[in-house]
Amino acid sequence: MKPRLSTVALAVLVQAGLALAPAQAQAQQSSESTPAAHASEPSLARQSIEWSQTRLTELDAAIAVFEQDLAKRKGDTRAKAEVALQELKGKRDVYRAEAEAAAAQAKSRSEQELAQAKQSLDDSWTALQGTKDLYLDTVQADVATRRAVLQAEFDARQKAWQEAIDGLSADAARLSAEQRVAIEVRIEALKVRVEEEKARAARLRDASAQAWESAKQSYAEAQQNFAQTYSSIRESIAEAAKK
């Protein structure tokens, strides 16, 4: 069963567990070393590639803020900002094509090839982030603008999380009552974590720029955790559907 990802839902994750206990994570890692386990549980590299496109929704949300900001600029600053924004859009399109190609080929690649593809995507994404920052620096963006960018990214990610959860719930509903019990408990736990992140983001709306920057790292960790948990639940649903 393939993950259900709409265009909006492409904004979530890139690695992996709502907080799998250390023992569970270790067991998963060791099981992936065997062919049978590999067939039922995707490696972290494979998960990363399959979810790499999700980053784009957040970037598109940031670009939308930039376009609004650009409309207010004048003169030399506007000209330089237009160049920076066009460069960002160009690199975004290149990344989109690379991510789509990597995801399409993921199932037929070896672990070494997957790791290389993941690294290439990560490098491209890092370059994209640098170009995004270039726009902000070019216009000497104030705290309000930088906060608006982060808020737009957070909102896009949370919307994608909700769509991903809705997809899990819909697919779990097709299982037998007995099969659904454990899976629905995990989905509910994932919903709770998402609501906690929404509340935390809401508290940041009027926070300082420093607080927003600090939140970026913790939110990135939440994104990683969501990704792993989502993938794990998705695999459980797929396995249950085979029985």
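This structure is a prediction, so every number in the text was calculated from the model and none was measured.
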**Message:** Tell me if a side-chain donor or acceptor on T77 pairs with a main-chain N or O of K74 at a distance below 3.5 Å.
**Reply:**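 No, the answer is negative, given that no donor and acceptor are paired below the 3.5 Å cut-off.
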Side chains of [X] and [Y]: does their closest heavy-atom pair fall under 4.5 Å?
{"X": "E188", "Y": "K191", "answer": "yes"}
{"X": "L85", "Y": "T138", "answer": "no"}
{"X": "R92", "Y": "D60", "answer": "yes"}
{"X": "Q158", "Y": "D155", "answer": "yes"}
{"X": "Y95", "Y": "K91", "answer": "no"}

Nearest heavy atoms of [X] and [Y], plus distance in Å:
{"X": "V139", "Y": "A81", "answer": "CG1-CB, 3.5 Å"}
{"X": "L190", "Y": "L168", "answer": "CD2-CD1, 4.1 Å"}
{"X": "L175", "Y": "Q179", "answer": "CB-OE1, 3.6 Å"}
{"X": "A117", "Y": "R109", "answer": "CB-NH1, 2.8 Å"}
{"X": "A172", "Y": "I187", "answer": "CB-CD1, 4.0 Å"}
{"X": "V65", "Y": "A148", "answer": "CG2-O, 3.9 Å"}

**Message:** As a quick check of understanding, evaluate side chain to side chain contact (heavy atoms under 4.5 Å, CB included) for V194 and E197, giving each step before the final call.
**Reply:** CA-CA 5 Å; V194 170; E197 292 302 328; 5.7 Å; no
**Request:** With sequence neighbours excluded, give me every ring-ring contact (aromatic ring centres under 6.0 Å, His included) pair touching residues 54-74.
**Result:**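 Every pair satisfying ring-ring contact (aromatic ring centres under 6.0 Å, His included) with a residue in residues 54-74: F66-Y135.
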Rounded to the nearest 0.5 Å, what separates atom [atom1] in [X] from atom [atom2] in [Y]?
{"X": "L134", "Y": "L128", "atom1": "CG", "atom2": "CG", "result": "12.0 Å"}
{"X": "Q129", "Y": "L59", "atom1": "CD", "atom2": "CG", "result": "7.0 Å"}
{"X": "S169", "Y": "I183", "atom1": "OG", "atom2": "CD1", "result": "11.0 Å"}
{"X": "L114", "Y": "Q105", "atom1": "CG", "atom2": "CD", "result": "10.0 Å"}

Qualifying residues under side chain to side chain donor-acceptor pair (under 3.5 Å), relative to [X], sequence neighbours excluded:
{"X": "T126", "result": "none"}
{"X": "S120", "result": "E98"}
{"X": "D166", "result": "Q162"}
{"X": "R73", "result": "D69"}

**Request:** Compute whether any side-chain donor of one residue and acceptor of the other, for E221 and N225, lie under 3.5 angstrom apart.
**Result:**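 Absent: no donor and acceptor within the cut-off.
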**Request:** State which residues pass salt bridge (charged side-chain N to carboxylate O under 4.0 Å, His left out) with E113; sequence neighbours excluded, sorted by chain then number.
**Result:**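 For E113, no residue satisfies salt bridge (charged side-chain N to carboxylate O under 4.0 Å, His left out) once neighbours in sequence are set aside.
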Under a 4.0 Å N-O cut-off, is there an ion pair linking [X] with [Y]?
{"X": "E163", "Y": "K159", "answer": "no"}
{"X": "D93", "Y": "K89", "answer": "no"}
{"X": "E58", "Y": "R55", "answer": "no"}
{"X": "K132", "Y": "E153", "answer": "yes"}
{"X": "D171", "Y": "R180", "answer": "no"}
{"X": "K80", "Y": "D137", "answer": "no"}

**Asked** Would you find more than 12 non-hydrogen atoms of other residues, nucleotides or ligands less than 6.0 Å from K198 atom NZ?
**Response**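 Yes - once you tally the heavy atoms of other residues, nucleotides and ligands closer than 6.0 Å, there are more than 12.
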**Prompt:** Do the ring planes of W161 and F226 sit parallel (below 30°), tilted (30 to 60°) or perpendicular (above 60°)?
**Reply:**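 Plane angle under 30°, so parallel.
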**Request:** Just do the salt bridge (Lys or Arg N to Asp or Glu O under 4.0 Å) check on K243 and E239 with the steps written out, would you?
**Result:** CA-CA 7 Å; K243 298 177 181 179; E239 287 301 313; over 6 Å; no
